[in-house]
Amino acid sequence: MPRMHLTLQQLRLFEAVARHRHFTRAAEELHLTQPAVSIQLRRLEENVGAKLFEHIGKRFFLTPAGHEMHAACNDILERLRTLEQALDSLDDTLKGPLRLSVVTSTKYFIPHILGSFIADHQAVVPRLIVTNRERVIERLADNQDDFVIMGQAPDDLAVEARPFYENLLVVAAHPHHPLAAVPAIPPAQIASERWLVREAGSGTRSAFDRYLIEHNVAISPYMELGSTEAIKQAVMAGLGVSVLPLSSMQLELSNGCLAVLDVHGFPLCRRWNAVWLKGKTLPRVAQAFVEFLLEGAAAKHATPHASNQPAASA
């Protein structure tokens with residue numbers, strides 16, 4: 001058999017395509033165009049001397065040779081990651097990549113924490129992906145990151161979860177809303193409000209849904225929006241009320257653009273978690289960042305809560 005001339009780039013491309021079963025997602029992950037990925041994989045097949053994929057309709061599958069190549073890629077890339085960690089451990093300087101995926105609501109405080117960590121460890125190179133909960137869970141299941149940051153850890157995956165920061169959810173309204181100055185609003189009174197809600201699957205939406213069930217309250221969502229920013233703009237426009245993370249509202253509260261309603265049972269107290277697959281050994285840099293989080297980095301370096309934060313209702 002002739003010697004194969006394979007490159008690490010080709011192996012990384014093949015592993016990503018085989019894992020995703022999707023050329024576009026693999027290209028996005030590796031910051032390449034889809035045509036560039038296709039060209040490299042054709043060259044890989046030429047070097048190997050065998051077809052690695054077969055197309056059936058609009059889908060494609062690994063051939064027997066493709067399965068062998070995928071197993072070999074996993075072995076080689078994992079060995080390289082282990083080597084990288086071993087070499088890093090010989091150096092007192094904390095350095096190397098820090099691969100994180102976080103849910104969108106964390107974008108209001110994670111950059112502050114990450115910035116403080118990098119200030120102390122300037123040889124660390126952060127690779128941060130901010131996306132929705134569904135995509136974060138996909139990346140977690142595929143072990144694409146050192147770890148992820150999210151609220152409730154998924155129930156259907158075996159994971160380690162380390163809580164490190166309070167995620168307070170409050171009812172946000174326009175400052176001139178009729179209930180803005182009303183104390184101790186009972187849950188039943190908010191049922192008739194025009195509710196702006198996050199999409200199904202969102203951590204904030206799931207927490208609010210549980211609250212409604214626990215208090216035997218039913219609402220008819222007025223609008224369903226796909227981001228915290230979109231909901232904030234709609235609330236400020238007087239279109240309705242919503243449940244939002246308090247950490248996302250600091251600027252609007254200080255400027256008097258939003259108000260927090262004093263609804264019984266709020267704020268909902270949740271926790272942000274650092275989450276990774278059970279049995280995974282965190283790289284040295286990732287382990288250091290987890291320890292940084294657990295030591296209270298979020299409370300020290302994230303944007304402080306507004307002074308008009310409501311007390312939790314009894």
Side-chain angles (χ1 to χ4, degrees), residues 102-109 130-138 150-152 154-155 166-272 303 305-314:
V102 302
V103 294
T104 52
S105 295
T106 67
K107 68 182 181 182
Y108 300 99
F109 64 89
V130 181
T131 185
N132 60 38
R133 176 180 170 85
E134 181 180 2
R135 186 74 185 111
V136 165
I137 292 175
E138 287 178 5
M150 62 194 311
Q152 180 69 34
D155 296 327
E166 280 190 339
N167 177 22
L168 301 180
L169 304 178
V170 299
V171 180
H174 190 279
H176 297 152
H177 190 283
L179 297 177
V182 176
I185 303 166
Q189 191 171 349
I190 65 172
S192 60
E193 294 295 323
R194 293 191 306 194
W195 280 96
L196 313 175
V197 298
R198 285 292 302 271
E199 74 284 4
S202 156
T204 300
R205 173 74 176 271
S206 297
F208 184 41
D209 287 346
R210 287 193 295 272
Y211 170 87
L212 295 175
I213 292 171
E214 290 169 2
H215 291 83
N216 196 29
V217 174
I219 66 166
S220 297
Y222 182 65
M223 288 186 184
E224 183 176 290
L225 300 170
S227 74
T228 297
E229 284 301 316
I231 288 181
K232 282 199 299 184
Q233 293 298 322
V235 173
M236 286 189 288
L239 291 175
V241 301
S242 187
V243 172
L244 289 171
L246 185 61
S247 60
S248 72
M249 299 167 53
Q250 303 310 307
L251 180 61
E252 292 81 7
L253 288 172
S254 63
N255 290 338
C257 298
L258 285 175
V260 174
L261 300 188
D262 183 17
V263 179
H264 176 84
F266 280 88
L268 304 180
C269 297
R270 300 295 183 263
R271 301 283 287 181
W272 290 116
T303 305
H305 291 162
S307 60
N308 58 343
Q309 174 184 331
S313 301

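Atom CG of N216 has 12 or fewer heavy atoms from other residues, nucleotides or ligands within 6.0 Å.
Listed by chain and number, the residues in a ring-ring contact (aromatic ring centres under 6.0 Å, His included) with H174 are H176 (sequence neighbours excluded). Under the rule for a side-chain contact (heavy atoms from CB on, under 4.5 Å), the partners of S206 that lie at least two apart in sequence or sit in another chain are R210. Applying the side-chain contact (heavy atoms from CB on, under 4.5 Å) rule to V217 yields the partners P187, A191, L212, H215, I219; only residues at least two apart in sequence or on another chain are considered. Looking at residues two or more places apart in sequence or on another chain, you find a salt bridge (charged side-chain N to carboxylate O under 4.0 Å, His left out) between R205 and D209, E224. Checked against side-chain contact (heavy atoms from CB on, under 4.5 Å), R135 has the following partners two or more places apart in sequence or in another chain: H20, T131, N132, E138, R139, Q144. For E193, there are no salt bridge (charged side-chain N to carboxylate O under 4.0 Å, His left out) partners, not counting sequence neighbours. Checked against side-chain contact (heavy atoms from CB on, under 4.5 Å), P175 has no partners two or more places apart in sequence or in another chain.
Within the model, atoms CD of Q250 and CG of L258 stand 10.5 Å from one another, a figure rounded to the nearest 0.5 Å. Summarising the geometry, atom OG1 belonging to T204 is positioned 6.5 Å from atom CG belonging to N167; distances are rounded to the nearest 0.5 Å. Rounded to the nearest 0.5 angstrom, S192 OG and R194 CZ are separated by 11.5 Å. To the nearest 0.5 Å, atoms CG (L225) and OG (S202) are separated by 11.5 Å. H264 NE2 to I185 CD1: the interatomic distance, rounded to the nearest 0.5 Å, is 12.0 Å. Annotation: the span from L239 atom CG to M223 atom CE amounts to 4.5 Å, rounded to 0.5 Å.
Minimum heavy-atom separation, L168 to P267: CB-CB, 4.3 Å. Between V197 and P221, the shortest heavy-atom distance links the atoms CG2-CB, 3.8 Å. Scanning both residues, A234 and L196, for their nearest heavy atoms gives CB-CD1, 3.5 Å. Between A184 and D262, the closest heavy-atom pair is N-OD2, 2.9 Å.
Residue pairs meeting the side chain to side chain donor-acceptor pair (under 3.5 Å) criterion with at least one member in residues 225-239, sequence neighbours excluded, are Y108-E229, R198-T228, E229-K232, K232-E252. The stretch residues 185-209 participates, sequence neighbours left out, in these ring-ring contact (aromatic ring centres under 6.0 Å, His included) pairs: W195-F208. Sorted pairs that involve residues 175-186 and meet salt bridge (Lys or Arg N to Asp or Glu O under 4.0 Å), not counting sequence neighbours, are lacking altogether. Residues in residues 230-262 take part in no ring-ring contact (aromatic ring centres under 6.0 Å, His included) pair, two or more places apart or across chains. The list of salt bridge (Lys or Arg N to Asp or Glu O under 4.0 Å) pairs with a residue in residues 212-221, not counting sequence neighbours, is empty.
Between R270 and Q152, the closest side-chain pair of non-hydrogen atoms is not below 4.5 Å. Residues V243 and F266 meet the side-chain proximity criterion, which asks for heavy atoms closer than 4.5 Å. Residues P245 and L169 have side chains in contact (heavy-atom distance under 4.5 Å, counting atoms from C-beta outward). With contacts defined as side-chain heavy-atom distances shorter than 4.5 Å, the pair W272/V103 qualifies. When side chains are defined from C-beta on, Y211 does not count as touching V171, because their heavy atoms never get closer than 4.5 Å.
Listed for the S242 side chain is no donor-acceptor partner under 3.5 Å among the backbone atoms of L244.
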Apply side chain to side chain contact (heavy atoms under 4.5 Å, CB included) to residues M150 and I137 and explain how you reach the verdict.
CA-CA 9 Å; M150 62 194 311; I137 292 175; 3.7 Å; yes
